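Below, all heavy atoms of this structure are taken into account, side chains as well, without hydrogens, waters or symmetry copies. Throughout, numbering of the chain's residues begins at 1 and tracks the sequence. Please read these numbers as outputs of a predicted model, since none were measured by experiment.
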Amino acid sequence: MHSLQEYQEIIASHFSQIKNNKEPKGLYEPIEYILALGGKRMRPVLTLLASEIFNKDYKEALPAATAIEVFHNFSLIHDDIMDAAPLRRGKETVHEKWDLNTGILSGDAMLILAYQYFENYEPTIFQKLAKLFSKTALEVCEGQQYDVDFETRDNVTIPEYLKMIEYKTAVLVGAAMKMGAIVAETAEENANLIYDFGLNLGIAFQLQDDYLDAFGDPKTFGKQVGGDIIENKKTYLYLKALEYGTIEQREQLLHLFSIQPSDNTDKIESVKQIFIETNSAQETQNAIKGFTQKAFDTLNKLDIEDSKKEVLRVFGEKLMNRNV
């Protein structure tokens, strides 16, 4: 087994060597560009980790890990287009650096490239990986559509929101881990359990992202604190505040989420105060702990050594104790 830092270094080195020396340059250069932007690369790391949890050399899992990361970045290119986002990881987004058509086409090519990495495996494993990948990719698209739909809806429910973040974010975390298990050819029950571990940890991770967006430390968060509030996003915090708030608090919150002042300082502070007063902030923290615990509960059922269960537990705790 390797440490998380070692896995990250392995992935960073691996991606630094990936070169698509193909024509036309206008198609492949944007792909190299976004893959070189880096980021946490949590998903491919999880694929390597899962493969070694089930006693397979991580090198065998590198093609699957690459597919996951290429797909994730494909989705980011298209998300940035949909959001009209100018920056990604502090750099120009693909559609800003090139143009809209390039972003669409290079993104499409990345989806196809992701599938090609599975061709490194023999037919049985290839089939299992491709089947999981197709299911997951479609769910990510469904999650994105739910997110778009929620922007114009005033009656979004907590279960609907949880389903949206499960599809948009968590299924890819679960799939990353299950792909490592598939490459390792472990028992199907183990593969399904490691998927559930990743899925629940992914939901907890996204809920924590929602929480940190409002209450994170501006020095360490890495994004503008209050960004979701400025954009009037209906996060778990917002929905719980509507559920628990008084009539006056709900009316105030609805009003605040209908305006876009030139200076958002007062709006952010007012909304955060409502989140605290309605107990929404505490309920969100409770939900984060609940989904994290659901992830940890699956570890008891995994047919692996206790030392490897501890590796997964430590990873989960490290992930959920972040402030960025």
Side-chain angles (χ1 to χ4, degrees), residues 1-20 31-79 88-89 107 109-121 125-126 128-137 139-140 168-186 191 194-195 197-199 201-202 205-206 209 295 308 311-312 314-316 318-319 322 324:
M1 294 291 299
H2 293 73
S3 69
L4 288 175
Q5 185 176 349
E6 286 172 330
Y7 286 127
Q8 286 176 318
E9 289 168 359
I10 289 164
I11 287 293
S13 173
H14 175 66
F15 273 92
S16 71
Q17 296 168 34
I18 293 178
K19 300 292 180 187
N20 278 307
I31 295 173
E32 285 190 15
Y33 171 77
I34 190 156
L35 289 176
L37 292 184
K40 293 184 286 290
R41 288 176 170 152
M42 179 178 72
R43 294 155 193 83
V45 164
L46 291 178
T47 303
L48 302 189
L49 171 66
S51 69
E52 292 211 316
I53 286 288
F54 298 114
N55 304 314
K56 195 77 167 182
D57 189 325
Y58 77 84
K59 295 184 184 72
E60 298 288 328
L62 274 171
T66 307
I68 279 284
E69 185 67 0
V70 170
F71 171 79
H72 176 58
N73 280 274
F74 140 73
S75 71
L76 296 183
I77 289 180
H78 283 192
D79 282 0
R88 166 67 61 183
R89 297 167 186 152
M110 289 180 81
L111 178 58
I112 299 160
L113 285 169
Y115 271 102
Q116 285 189 332
Y117 284 104
F118 298 137
E119 294 171 8
N120 289 274
Y121 298 102
I125 294 176
F126 171 90
K128 289 180 179 178
L129 289 171
K131 185 176 180 180
L132 173 61
F133 189 73
S134 296
K135 172 181 174 288
T136 304
E139 286 172 339
V140 170
K168 187 176 177 183
T169 301
V171 293
L172 199 57
V173 179
M177 301 205 80
K178 188 172 181 177
M179 283 187 183
I182 290 171
V183 171
E185 299 181 84
T186 187
I194 202 78
Y195 177 88
F197 173 80
L199 184 78
L201 210 57
F205 183 89
Q206 185 56 53
D209 213 50
K308 290 181 176 177
V311 169
L312 291 170
V314 168
F315 165 74
K318 194 171 183 180
L319 189 67
R322 68 196 174 105
V324 295

Between Arg43 and Phe71, is the side-chain contact (heavy atoms from CB on, under 4.5 Å) condition met? List the steps.
CA-CA 10 Å; Arg43 294 155 193 83; Phe71 171 79; over 6 Å; no
If the test is side chain to side chain contact (heavy atoms under 4.5 Å, CB included), which one of Lys40, Glu9, Gln8, Glu6 qualifies with Val45?
Gln8
Kindly indicate, with the supporting measurements, whether the criterion side-chain contact (heavy atoms from CB on, under 4.5 Å) is fulfilled by Phe15 and Thr66.
CA-CA 8 Å; Phe15 273 92; Thr66 307; 4.0 Å; yes
One should read off an interatomic distance between Asn73 CG and Leu37 CG, to the nearest 0.5 angstrom, of 8.0 Å
Run Lys178 and Ile182 through side-chain contact (heavy atoms from CB on, under 4.5 Å) and show every step you take.
CA-CA 6 Å; Lys178 188 172 181 177; Ile182 290 171; 4.2 Å; yes
For the residue pair Tyr7 and His2, does the interplanar ring angle fall in the parallel (under 30°), tilted (30 to 60°) or perpendicular (over 60°) class?
tilted
In terms of side-chain heavy atoms, does Gln17 have a donor or acceptor partner in Ser13 at a distance below 3.5 Å?
yes
Going from NE2 on His72 to CD1 on Ile34, what distance comes out if it is rounded to the nearest 0.5 angstrom?
8.5 Å
How close do Glu69 and Pro44 get, heavy atom to heavy atom, and via which atoms?
OE1-CD, 3.2 Å
Can you give me the closest heavy-atom contact between Ala50 and Gly180, atom names plus distance?
CB-CA, 4.0 Å
By salt bridge (charged side-chain N to carboxylate O under 4.0 Å, His left out) - contacts of Lys131 (at least two apart)
none
So, does Thr47 use its side chain to make a donor-acceptor pair with the main chain of Ala176 at under 3.5 Å?
yes
Can you name the salt bridge (charged side-chain N to carboxylate O under 4.0 Å, His left out) partners of Glu60, sequence neighbours left out?
none
For Leu201 and Met177, run side-chain contact (heavy atoms from CB on, under 4.5 Å): C-alpha distance rounded to whole Å, both residues' side-chain angles, the deciding distance at 0.1 Å, then the answer.
CA-CA 11 Å; Leu201 210 57; Met177 301 205 80; over 6 Å; no
Taking CD in Glu119 as the centre, count heavy atoms belonging to other residues, nucleotides or ligands within less than 6.0 Å. Is the count above 12?
yes
Report the relative orientation of the aromatic rings in Phe118 and Tyr115; use parallel for angles under 30°, tilted for 30 to 60°, perpendicular for over 60°.
perpendicular
Search all heavy atoms of Tyr121 against all heavy atoms of Leu129 and return the closest pair with its distance.
CD1-CD1, 3.4 Å
So which heavy atom on Ala175 is nearest to which on Leu132, and how close?
O-CD2, 3.9 Å
Between Lys308 (side chain only) and Ile53 (backbone N and O only), is there a donor and an acceptor less than 3.5 Å apart?
yes
To check you understand the geometry: which heavy-atom pair defines the closest contact between Val171 and Thr136, and what is its length?
O-CG2, 3.8 Å
Answer yes or no: does atom NZ of Lys56 have more than 12 heavy-atom neighbours from other residues, nucleotides or ligands under 6.0 Å?
yes
Working to the nearest 0.5 Å, report the span between CD1 of Ile10 and CZ of Arg41.
13.0 Å
Which distance, rounded to the nearest 0.5 Å, do you find between the CZ of Phe315 and the CG of Leu49?
7.0 Å
To the nearest 0.5 Å, what is the distance between CD1 on Ile194 and CE on Met179?
14.5 Å
Quick one: pull up OG1 in Thr169 and CD in Gln206 and give me the separation to the nearest 0.5 Å.
4.0 Å
Tell me the closest heavy-atom pair linking Ala67 and Ala114, and the distance in Å.
CB-O, 3.3 Å
